[in-house]
Enquirer: 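For reference, the structure I am asking about is given below.
For ligands, and for the atoms within them, numbers begin at 1 and follow the listed sequence. Counting begins at 1 with the first residue of the sequence.
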Amino acid sequence: MESYNSFKVAQKQVIDAAKILNLDNATKELLLWPQREFTFTYPVRLDSGEMRIFHAYRIQYNYARGPAKGGIRFHPDETVDTVRALASWMTWKTAVLDLPLGGSKGGVVCDPKRMSERELEGIARGYIRGVAELLGVDKDIPAPDVYTNPQTMAWMMDEYETITHRHQPGVMTDKPLQVGGTEGRRDAVARGGVFTVREACKVLGVDPHGRIAIQGFGNVGQRAALLHRELLGGGKIIAVSDSGGAIYSDDGMDPRELVTHKLKSGSVKGFPGAKEIRQDALLELDVDILYPSALENAITKFNASKIKARIICELANGPTTPEADIILFNNGTHVIPDILASAGGVTVSYFEMVQDAYRFFWDEGIVHERLDKKMTKAYHTVQEAIREKKVHPRLAAMVVSVARVAEACKLRGWV
Ligand code: GLU
């Protein structure tokens, strides 16, 4: 099986958009590479007493439209190229939502599933000691990503404030409510995605109460299961998967029971009444709506032609490769691309930064309403670009966002 370099995928997406926009060489070169990359190592003492050196990254891809913004992952397979790709996607994500932010990403190569709370706190605080001078409410603002969470952000914010000797809660987002977090951030990625599915169903005439499959059942996948039903009033979840396995039930599974089972047992496997299927088979099931909510490069030229979903709502970052985009487009599958579908998280992160700056917090209902407005507008802007340029949805979304970033670079006199 071919292995994909996510940064090459991200660069190809920029090249395709640049071609349609007729960008000059300097602009293209600027947008094809991160503006700043920082690679470092730092020590953390493990519970065993052993000292371990960790490799880490913070990459600021582009900050023409505002301070760089993007999460931090703790993952054993993290590489400089995955962080570059994810930082690139954050740039296009904030631009397609028209947020006054740039894009960045960070990562630490570690295996959080095998670490204690105390060790994770050491990893979080050590990371901030390494990058503190690059961060700031007006420079670069982290958030959680794969295997990091609000507790990680609380430690990181505390370490940053200890170094800088002042309160600056807006330097991290998706913090716990008690230390400057916002209502509505925890489920924002999934909620934003479900709003785009609602719009897509209207445009395409697809019934939102049909069959649903969810690949990945972490924070985002679980919330998508709950919110699809809550916001759209129905839908039958026939399959879900996680790193432990995949399960299927033709009668559909109750999202709340699934979440309870996962929390209790650590995996979706063994859910009463469901049968086990292969993880890769989940993507090929006959469903109306598929939510890829795991990692990069899940839908490739090897399986794209077998996909039967009418709508794919990409809640993961980078789940589909460029060849697969073309196959899906030709087969009439409507892809809501990651930089749009999963942008609810960073949108509510932006709301959190605004609230932290004013020390004045909004009710949950206001967060939901403003998120809905932003997502709905961005969805229809991309729809318009699909019609106007006659290209597949990811390319249309890239055209919208690359044009916005290119314009900011030009106005600043960078190109
Ligand atoms: N990690 C999330 C993402 O990939 C959120 C980033 C943020 O809020 O800065 O969109």
Enquirer: Could you list which atoms of ligand 1 come closer than 4.0 Å to a heavy atom of Gly70?
Expert: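 Selected atoms, number and element: 9 (O).
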Enquirer: Taking only heavy atoms of Ser349 into account, list the atoms of ligand 1 that are under 4.0 Å away from them.
Expert: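 Going through ligand 1 atom by atom, the ones under 4.0 Å from Ser349 are 7 (C), 8 (O).
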Enquirer: Which residue is it: Arg185, Lys69, Glu352? I am looking for the one with a side-chain hydrogen bond (donor to acceptor under 3.5 Å, both in side chains) to Thr173.
Expert: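 Of the listed residues Arg185, Lys69, Glu352, the side-chain hydrogen bond (donor to acceptor under 3.5 Å, both in side chains) partner of Thr173 is Lys69.
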Enquirer: Can the ring centroids of Phe7 and Trp33 be said to lie less than 6.0 angstrom from one another?
Expert: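 Distance test on ring centres: under 6.0 Å, yes.
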Enquirer: Using a strict 4.0 Å cut-off to heavy atoms of Lys93, name the atoms of ligand 1 that fall inside it.
Expert: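 What qualifies from ligand 1 is 3 (C), 4 (O), 10 (O).
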Enquirer: Could you tell me which atoms of ligand 1, counted from 1 in the order shown, lie closer than 4.0 angstrom to a heavy atom of Asn317?
Expert: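 Once the distances to Asn317 are compared, the set is 4 (O).
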Enquirer: Specify whether Tyr127 and Phe40 have parallel, tilted or perpendicular ring planes, treating 30° as the upper limit for parallel and 60° as the lower limit for perpendicular.
Expert: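 Answer is tilted, since the angle falls between 30° and 60°.
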Enquirer: For Lys113 and Tyr147, does a side-chain donor sit closer than 3.5 Å to a side-chain acceptor?
Expert: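 Checked: Lys113/Tyr147 side chains pair up, N/O donor to acceptor below 3.5 Å.
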Enquirer: Using the rule given for salt bridge (Lys or Arg N to Asp or Glu O under 4.0 Å), can you reason through Glu364 versus Arg191, listing the C-alpha separation, both sets of side-chain angles and the distance that settles it, and then say yes or no?
Expert: CA-CA 13 Å; Glu364 196 180 36; Arg191 185 176 294 269; 5.5 Å; no
Enquirer: Less than 4.0 angstrom from a charged side-chain N to a carboxylate O is my criterion; do Asp338 and Lys93 meet it?
Expert: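 Salt bridge: no.
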Enquirer: Mark up the atoms of ligand 1 that fall under 4.0 Å of a heavy atom belonging to Lys69, in ascending order.
Expert: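 That gives atoms 7 (C), 8 (O), 9 (O) of ligand 1.
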Enquirer: Using a heavy-atom cut-off of under 4.0 Å, does the side chain or the backbone of Arg185 touch ligand 1, or both, or neither?
Expert: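 Contact part for Arg185 vs ligand 1: side chain (C-beta onward).
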Enquirer: With a cut-off of 4.0 Å, which atoms of ligand 1 are near a heavy atom of Lys105?
Expert: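 Selected atoms, number and element: 1 (N), 3 (C), 4 (O).
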Enquirer: Report the part of Pro144 (side chain from C-beta onward, or backbone N, CA, C, O) that has a heavy atom under 4.0 Å from ligand 1; answer both or neither where that applies.
Expert: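 Only the backbone of Pro144 comes within reach of ligand 1.
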Enquirer: Will you find, in the side chains of Asn297 and Thr321, an N or O donor that is under 3.5 Å from an N or O acceptor?
Expert: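 Their side chains do not contain a donor-acceptor pair, so the 3.5 Å distance test is not met.
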Enquirer: Heavy-atom distances under 4.0 Å decide this one: backbone, side chain, both or neither, for Asp174 against ligand 1?
Expert: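 No part of Asp174 comes within reach of ligand 1.
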Enquirer: What are the atoms of ligand 1, with element, lying closer than 4.0 Å to any heavy atom of Ala143?
Expert: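 So the answer, numbered in order with elements, is 6 (C), 7 (C), 8 (O), 9 (O).
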Enquirer: What protein heavy atom sits nearest atom 1 (N) of ligand 1, and how far off is it?
Expert: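 That would be Asp145 OD1, 2.7 Å.
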Enquirer: Testing the 3.5 Å rule here: is there a donor-acceptor pair between the side chains of Arg73 and Thr148?
Expert: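 Note: Arg73 and Thr148 side chains miss the donor-acceptor criterion.
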